[in-house]
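To keep things clear, I will list the structure first and then write my remarks on it.
When a ligand or atom number is given, it counts from 1 through the structure's own listing order.
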Amino acid sequence: MLGDLLNNLLFKQATVTALRELSPHFRQLSLEAGWLKGLVYSRGDKLQVQVEPPFTLRTFTPLELDATRGTMQLLVFAHGDTPAGRWVRALKPGAGINVFGPRRSLELEPQGGDALLFGDETSFAVAADWQRVRAPTRPLRCVFEVTDAAESKAVLSGLGLGHAQVVEKRPGHLVDIEAYVRSVLGDQPGSHLVLTGQGASIQTLRKALRAPAAPHADQRVKAYWARGKRGLD
Ligand SMILES: Cc1cc2nc3c(=O)[nH]c(=O)nc-3n(C[C@H](O)[C@H](O)[C@H](O)COP(=O)(O)OP(=O)(O)OC[C@H]3O[C@@H](n4cnc5c(N)ncnc54)[C@H](O)[C@@H]3O)c2cc1C
C-alpha cells in the first residue's frame, strides 16, 4: 500500500494498449492516458519510465504524441539484458506503467531551415517525431551510427526515415560520418546541427568538426547514453 501511494504521488500512470516488435531489438509501445489529452510538449522532450520499482527509471523520447486522443508512442532499443531491455521484453498489452514527464531535454523548436541530426538507435524516435512537424520541402537529414545496418534500415523505413544515412560501428567509422556531415553542411551551410546518442561519439565528432570548422547555424547536443554509465540522463 505504501508502495502504491508513493507511486501515485511521484508518477503518472499510463496503459500499454499495444506493443509491436519491429525487429529483434526494437519495440514500439502505444500508451494511453487521460492526462495526455491536451498536453503541450515540444519535440526533443524526454519521458522517464519506471522500468523496475521503486526507483529504476530509464529515459525515452515520445515517438509520437496525440494530445487529442490522449495517446503516445515510444520506441525502445533493447540493446541487452539491462533493466530497460528486461522491462520492454516482459511488457504485455493492458499493463500499467509509471512515468515521469514529459519534460524539456533537447531544444528543437522553433527551428526552421535545414537541419542535420547525428545519433544512433536511441535517436530514431526524436528524429522521426521532429521530421513529422518539419516542412516537406525541408526533410530532416540524418546520419546514424548503428550496430546492425540491415535491422536499422528496416526500422527507419517504417518510421518514414528511409532516406537516413546509416553507418555500421567499426574502427574508424566516425571518420566516414564526419565526411558525410561535412558534405551535407557544404551543400547546406546554414543547417542546424543536432548531435545525440552515445556521449563518446558526440565528443569525437564535435572535436573533428572544429578543425577545420564546419559551417553550420548552431549546434544542439544531448548525450543519450555512455558506456559504463547506467540510466544516463
Ligand atoms: C533524453 C534521452 C532520450 C532518450 N530517448 C531514447 C529513446 O527514445 N529510445 C531508446 O531506446 N533510448 C533512448 N534513450 C537512451 C536510453 O535511456 C539509454 O540507452 C538507457 O541507458 C537504456 O537503459 P538500459 O536499462 O537498457 O541500460 P542501463 O542500465 O542504463 O546501462 C547499462 C549499460 O548498457 C550500456 N548501454 C546503455 N545504452 C546503450 C545503447 N543504446 N547501446 C549500447 N549499450 C548501451 C552502457 O554501457 C551502460 O553502462 C534516451 C536517453 C536520454 C537521456
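Every atom of ligand 1 is numbered from 1 in the order shown, and the set under 4.0 Å from a heavy atom of D233 is 53 (C). Each of the following atoms of ligand 1 lies closer than 4.0 Å to a heavy atom of V76: 11 (O). Ligand 1 places these atoms under 4.0 Å from at least one heavy atom of L232: 53 (C).
Residues I202 and L232 do not share a hydrophobic cluster, clusters being chains of Ile/Leu/Val/Met/Phe/Trp/Tyr side chains in contact below 4.5 Å. A continuous path of ILVMFWY side-chain contacts below 4.5 Å connects L19 to V76, so both sit in one hydrophobic cluster.
Under 4.0 angstrom from ligand 1, the non-hydrogen atoms of P83 come from both its backbone and its side chain. In A226, the part holding a heavy atom less than 4.0 Å from any atom of ligand 1 is the backbone. Contact annotation for A125 and ligand 1: only side-chain heavy atoms (C-beta onward) come within less than 4.0 Å of the ligand.
The shortest N or O to N or O distance between S105 and ligand 1 is not under 3.5 Å. Polar contact with ligand 1: present for T61 (N/O pair, distance under 3.5 Å). For ligand 1, the polar-atom distance check against F77 finds a nitrogen or oxygen pair separated by under 3.5 Å. Some N or O of A84 is nearer than 3.5 Å to an N or O of ligand 1, by distance alone.
Partners of D148 according to the salt bridge (charged side-chain N to carboxylate O under 4.0 Å, His left out) rule, which considers only residues two or more places apart in sequence or in another chain, do not exist here. Legend: residues meeting salt bridge (charged side-chain N to carboxylate O under 4.0 Å, His left out) with D129, ordered by chain and number and at least two apart, are R43, R132.
Among E121, R230, K229, K222, the residue whose heavy atom lies nearest to atom 48 (C) of ligand 1 is K229. Ranked by closest heavy atom to atom 17 (O) of ligand 1, the top entry among L75, T59, L47, L106 is T59. Of the candidates W225, Y224, F60, it is Y224 that places a heavy atom closest to atom 52 (C) of ligand 1. Here the shortest heavy-atom distance to atom 7 (C) of ligand 1, taken over D129, T122, T147, belongs to T122.
In this structure, atom 47 (O) of ligand 1 lies nearest to the protein heavy atom G228 N, 2.9 Å. Regarding atom 35 (C) of ligand 1, its nearest protein heavy-atom neighbour is H79 CE1, 3.8 Å. From the protein, the heavy atom lying nearest to atom 20 (C) of ligand 1 is R58 CD, 4.1 Å. Of the protein's non-hydrogen atoms, the one nearest atom 26 (O) of ligand 1 is T82 OG1, 2.6 Å. Scanning the protein heavy atoms around atom 21 (O) of ligand 1, the nearest turns out to be G231 N, 4.0 Å.
Between L116 and V184, the closest side-chain pair of non-hydrogen atoms falls below 4.5 Å.
Under a cut-off of 6.0 angstrom, the local environment of NZ in K37 is sparse, with at most 12 non-hydrogen atoms contributed by other residues, nucleotides or ligands. Counting heavy-atom neighbours within 6.0 Å of R20 CZ, excluding the residue itself, gives a total of 12 or less. Sparse packing is recorded around NZ of K153, with 12 or fewer heavy atoms of other residues, nucleotides or ligands lying under 6.0 Å away. Remark: R170 CZ is packed, more than 12 non-hydrogen atoms of other residues, nucleotides or ligands lying under 6.0 Å away.
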Salt bridge (Lys or Arg N to Asp or Glu O under 4.0 Å) between R103 and D45, intermediate numbers included: CA-CA 5 Å; R103 286 187 299 148; D45 282 0; over 6 Å; no
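Of all non-hydrogen atoms in P83 and R58, the two that sit nearest each other are CG-NH2, 3.6 Å.
One finds a salt bridge joining R86 and E52 here, because a Lys/Arg side-chain nitrogen approaches an Asp/Glu carboxylate oxygen to under 4.0 Å.
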